[in-house]
Colleague: 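Structure in C-alpha cells, see below.
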Amino acid sequence: MTQTLTTTPRLRIYKASPELYEAMMTLSAAAAKDVEPELGELIKIRASQINHCAFCLDMHTRDARKEGVSEQKLDVLAAWAEAGDLFTGRERAALALTDAITELGHGGVPDDVYEQAAAAFSDRELGQVIAMAVTINAWNRINAAVQTPPPRR
C-alpha cells in the first residue's frame with residue numbers, strides 16, 4: 001500500500017489540547033537540566049533529522065546557532081559518525097545514543113552504544129541525555145502527525 005502525505009497542516013493540536021503542550025514543555029525543561037545547551041541542541045537536531053520533522057529542525061538549528069554551535073557541525077550533523085574528530089567524544093556518545101533511541105525498531109540500543117555513553121557521562125548526565133532524546137522524539141512525532149509546518153520568515 002502506498003502512503004500519501006501532504007504538507008497541509010492538520011489539527012492545531014496545542015490549541016485543541018493545551019494540557020499536552022504544558023506537559024511537553026514541563027518534560028522538555030526537566031530533560032534539559034544539567035545538559036550543556038550546545039549538546040542538547042545537537043541531540044534535538046539529530047533526532048529531528050532522522051524523524052524528518054521540519055518544524056523542529058527549523059527551531060533547533062536556529063537555537064543551536066544562538067548557543068554557539070558552529071556552522072560546520074550543523075552542516076555535517078547528518079553524517080556525524082563520518083566527521084572524524086569534529087565532534088567531541090561526549091557529543092559522539094550522545095549522538096550515537098540519540099540515533100539508537102530514535103531508531104529503536106532497528107534492534108534497540110546496542111550494548112556498545114550504551115556503554116560508550118555511560119563512560120562519557122555521569123549517571124545523572126546519562127539520564128538527562130536519554131530524557132532529552134526521548135523528549136525530542138515525542139515532539140517530533142506529535143508535530144509529524146499533525147504536520148506542523150516551520151514558520152515562514
Side-chain angles (χ1 to χ4, degrees), residues 1-106 109 113 117 120-121 125-153:
M1 183 172 131
T2 304
Q3 295 180 348
T4 305
L5 293 176
T6 65
T7 55
T8 305
R10 297 173 178 165
L11 174 67
R12 294 184 65 201
I13 195 165
Y14 305 119
K15 183 174 184 173
S17 301
E19 302 87 357
L20 170 65
Y21 182 78
E22 276 184 47
M24 288 299 299
M25 290 301 290
T26 299
L27 180 59
S28 293
K33 289 186 185 300
D34 301 326
V35 175
E36 302 96 21
E38 301 89 350
L39 179 61
E41 293 306 327
L42 291 173
I43 291 168
K44 293 173 195 175
I45 295 165
R46 182 61 187 139
S48 299
Q49 288 173 334
I50 295 167
N51 291 323
H52 299 266
C53 184
F55 181 83
C56 292
L57 279 168
D58 179 70
M59 176 190 302
H60 294 295
T61 54
R62 289 173 50 91
D63 290 348
R65 286 181 183 95
K66 290 177 189 172
E67 292 296 340
V69 175
S70 75
E71 288 295 323
Q72 186 179 22
K73 281 186 179 181
L74 294 175
D75 290 344
V76 301
L77 184 55
W80 68 266
E82 293 76 32
D85 64 356
L86 179 61
F87 294 92
T88 68
R90 285 169 59 88
E91 289 169 340
R92 293 176 66 76
L95 292 169
L97 188 57
T98 298
D99 283 7
I101 289 169
T102 303
E103 300 184 54
L104 279 176
H106 297 286
V109 177
V113 170
F121 298 101
E125 292 169 329
L126 180 59
Q128 295 307 109
V129 167
I130 291 169
M132 177 85 52
V134 168
T135 302
I136 191 59
N137 271 280
W139 281 113
N140 290 165
R141 283 157 172 72
I142 292 166
N143 286 313
V146 297
Q147 296 181 347
T148 305
R152 298 276 183 189
R153 286 189 276 285

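Given the structure is predicted, the values throughout are model-derived calculations rather than measurements.
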Colleague: State the CG-OG1 distance between L39 and T88, to the nearest 0.5 angstrom.
Modeller: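 Here the interatomic distance stands at 7.0 Å.
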Colleague: Can you check side-chain contact (heavy atoms from CB on, under 4.5 Å) on H60 and I136, steps first, answer last?
Modeller: CA-CA 10 Å; H60 294 295; I136 191 59; 3.9 Å; yes
Colleague: Using side-chain contact (heavy atoms from CB on, under 4.5 Å), reason through N140 and I50 one step at a time and then give a plain yes or no.
Modeller: CA-CA 10 Å; N140 290 165; I50 295 167; over 6 Å; no
Colleague: With rounding to the nearest 0.5 angstrom, report the CZ to CG distance, R141 to N51.
Modeller: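 If we round to the nearest 0.5 Å, R141:CZ and N51:CG are 4.5 Å apart.
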Colleague: State whether the side chain of E67 and the backbone N or O of R62 hold a donor-acceptor pair below 3.5 Å, judged by distance alone.
Modeller: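 No, because the side chain of E67 does not come within donor-acceptor range (under 3.5 Å) of the backbone of R62.
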Colleague: Closer than 3.5 angstrom, by distance alone: can the side chain of R92 be matched with the main-chain N or O of G84 as a donor-acceptor pair?
Modeller: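 Yes, R92 side chain to G84 backbone: donor-acceptor pair under 3.5 Å.
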Colleague: Do P150 and L57 have side chains that approach each other closer than 4.5 Å (heavy atoms only, starting at C-beta)?
Modeller: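 No; the side chains remain at least 4.5 Å from each other.
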Colleague: Looking only at heavy atoms, which two atoms of I43 and M132 are closest? And how far apart?
Modeller: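 Looking at all heavy atoms of both residues, the closest pair is CG2-CG, 3.6 Å.
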Colleague: Quick one: CD1 on I45 to CE on M59, what's the gap to the nearest 0.5 Å?
Modeller: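 Rounded to the nearest 0.5 Å, the CD1-CE separation comes to 11.5 Å.
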Colleague: Between Q128 and K33, is there a donor-acceptor pair closer than 3.5 Å when you use the side chain of the first and the backbone of the second?
Modeller: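 It does hold such a pair.
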Colleague: Does any pair with a residue in residues 69-79 pass side-chain hydrogen bond (donor to acceptor under 3.5 Å, both in side chains), and if so which ones, sequence neighbours excluded?
Modeller: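 Qualifying pairs: R65-E71, K73-E91.
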Colleague: Can you confirm whether R153 is buried at CZ, in the sense that more than 12 heavy atoms of other residues, nucleotides or ligands lie under 6.0 Å from that atom?
Modeller: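 Yes, because the 6.0 Å sphere around CZ of R153 holds more than 12 heavy atoms from other groups.
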Colleague: Kindly compute the distance separating OG1 (T98) from NZ (K44), expressed to the nearest 0.5 Å.
Modeller: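 Rounded to the nearest 0.5 Å, the OG1-NZ separation comes to 11.5 Å.
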Colleague: Between C56 and S48, which heavy-atom pair has the shortest distance, and what is it?
Modeller: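 Looking at all heavy atoms of both residues, the closest pair is CB-OG, 3.3 Å.
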Colleague: Hey, could you give me the CD1/OG1 distance between I130 and T135, rounded to the nearest 0.5 Å?
Modeller: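 Atom-to-atom, I130:CD1 and T135:OG1 are 11.5 Å apart.
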Colleague: Checking R46 side chain against D99 main chain: does a donor-acceptor pair fall under 3.5 Å?
Modeller: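 Such a contact is absent between R46 side chain and D99 backbone.
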Colleague: So which atom in P151 and which in D58 form the shortest heavy-atom distance, rounded to 0.1 Å?
Modeller: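 The answer is CD-OD2, 3.5 Å.
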Colleague: Go through L97 and F121 one step at a time and tell me if the side-chain contact (heavy atoms from CB on, under 4.5 Å) criterion holds.
Modeller: CA-CA 12 Å; L97 188 57; F121 298 101; over 6 Å; no
Colleague: Might you work through the side-chain contact (heavy atoms from CB on, under 4.5 Å) test for W80 and L42, ending with a clear yes or no?
Modeller: CA-CA 10 Å; W80 68 266; L42 291 173; over 6 Å; no
Colleague: Would you list the atom pairs, donor with acceptor, under 3.5 Å between side chains in residues 12-20 and any protein atom, with sequence neighbours excluded?
Modeller:
unit_1 : atom_1 : unit_2 : atom_2 : d
Y14    : OH     : N143   : OD1    : 3.2

Colleague: How far does CZ of F55 sit from CD1 of I142, to the nearest 0.5 angstrom?
Modeller: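 Separation between the atoms: 11.5 Å.
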Colleague: Please confirm whether the backbone N or O of Q147 pairs with a side-chain atom of R10, one donor and one acceptor, at under 3.5 Å?
Modeller: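 Absent.
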Colleague: When you measure from the side chain of N137 to the backbone of A133, do you find a donor-acceptor pair of N or O atoms at a distance under 3.5 Å?
Modeller: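 Yes, N137 side chain to A133 backbone: donor-acceptor pair under 3.5 Å.
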